[in-house]
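Heads up: the structure comes next, in structure tokens.
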Amino acid sequence: MLQQIRKLFDQIGRGESVEVRTEKDVRMISAALMAEIATADQKVDDRERTALVRLLREHYQLDEETASNMVEQALTDRHEATSLYEFTQTVNENFSERDKYLLIRQMWVVAFADGEIDAFEEHLIRRVAELIYLPHGLFTRARAEARDGDLTP
């Protein structure tokens with residue numbers, strides 16, 4: 001999936017016409033990063049899958065089918081990912097600090113969905129937060145809000 005996203009941004013950078021809008025790319029990057037959390041413990045719990053779909057629906061105002069398809073694509077294509085840097089570079093270029101905070105909070109929601117935080121999940125979220133330059137205070141706030149279910153924007 002990373003290669004597909006990189007190709008799209010390369011085409012845009014060269015001024016080539018592409019069918020996929022940047023907005024879709026950003027949504028897929030969010031889906032891919034959340035899918036990485038869902039699979040960090042080597043299994044995808046139904047509660048994590050449900051959380052992924054719900055978060056995409058709510059954040060991007062998607063219908064159920066579109067959100068479900070994005071989740072399935074992100075879960076299927078995740079093995080093609082070569083590096084977090086390509087995802088996080090796009091996040092840094094396209095997300096405000098508030099959007100970065102919401103992404104990290106969504107990643108925590110997925111991690112908490114199955115009732116336990118795996119060490120790999122926590123490490124991955126922490127690494128993404130560092131790579132997108134999210135201040136530590138917002139990182140801990142996102143975790144606390146996700147844990148406590150306080151998900152008001």
Reported [atom1]-to-[atom2] distance for the pair [X] and [Y], which is rounded to 0.5 angstrom:
{"X": "Met107", "Y": "Leu52", "atom1": "CE", "atom2": "CG", "answer": "10.5 Å"}
{"X": "Thr140", "Y": "Leu134", "atom1": "OG1", "atom2": "CG", "answer": "9.0 Å"}
{"X": "Asn94", "Y": "Ile29", "atom1": "CG", "atom2": "CD1", "answer": "7.0 Å"}
{"X": "Asp45", "Y": "Thr50", "atom1": "CG", "atom2": "OG1", "answer": "8.5 Å"}
{"X": "Leu56", "Y": "His59", "atom1": "CG", "atom2": "NE2", "answer": "9.0 Å"}
{"X": "Leu124", "Y": "Glu36", "atom1": "CG", "atom2": "CD", "answer": "6.5 Å"}

Atom of Ala35, atom of Leu75 and distance for their closest heavy-atom approach: CB-CD2, 3.8 Å
I need the minimum non-hydrogen distance between Val71 and Arg49, along with the two atoms involved. CG1-CG, 4.3 Å
Side-chain heavy atoms of Phe139 within contact of Ile125, under 4.5 Å: yes
Would you check, one step at a time, whether the test side chain to side chain donor-acceptor pair (under 3.5 Å) holds for Tyr101 with Gln106? CA-CA 9 Å; Tyr101 164 77; Gln106 291 167 343; over 6 Å; no
Criterion side-chain contact (heavy atoms from CB on, under 4.5 Å) on Val109 and Glu145, from CA distance to verdict: CA-CA 9 Å; Val109 168; Glu145 287 179 1; over 6 Å; no
Partners of Asp99 by side chain to side chain contact (heavy atoms under 4.5 Å, CB included), sequence neighbours excluded? Phe95, Ser96, Leu102
Can you name the residues that form a side chain to side chain contact (heavy atoms under 4.5 Å, CB included) with Ser68, not counting sequence neighbours? Val53, Glu64
Which residues share a ring pair (Phe, Tyr, Trp, His ring centres under 6.0 Å) with Phe112, sequence neighbours left out: Trp108
Assigning hydrophobic clusters by single linkage (Ile, Leu, Val, Met, Phe, Trp, Tyr; side-chain heavy-atom cutoff under 4.5 Å), is Met34 placed with Phe120? no
Taking only residues two or more places apart in sequence, or in another chain, which ones meet Asp118 in a salt bridge (charged side-chain N to carboxylate O under 4.0 Å, His left out)? none
Would Arg105 and Leu138 count as a side-chain contact (heavy atoms from CB on, under 4.5 Å) here? Give the steps. CA-CA 9 Å; Arg105 187 174 74 176; Leu138 291 178; over 6 Å; no
Results of side chain to side chain donor-acceptor pair (under 3.5 Å) for [X] - residues two or more places apart only:
{"X": "Glu122", "value": "Arg126, Arg143"}
{"X": "Thr88", "value": "none"}
{"X": "Asp63", "value": "Thr66"}
{"X": "Arg127", "value": "Tyr85, Glu130"}

side-chain contact (heavy atoms from CB on, under 4.5 Å) for Val26 and Tyr60? Distances and angles first, verdict last. CA-CA 10 Å; Val26 170; Tyr60 293 108; 3.9 Å; yes
Please determine if Glu48 and Lys43 form a salt bridge, counting it only when a charged side-chain N lies under 4.0 Å from a carboxylate O. no
Would you check, one step at a time, whether the test side-chain contact (heavy atoms from CB on, under 4.5 Å) holds for Glu121 with Glu116? CA-CA 10 Å; Glu121 292 171 329; Glu116 59 186 78; 5.8 Å; no
Does the Lys100 side chain pair with the main chain of Ile132, one donor and one acceptor, at a distance under 3.5 Å? yes
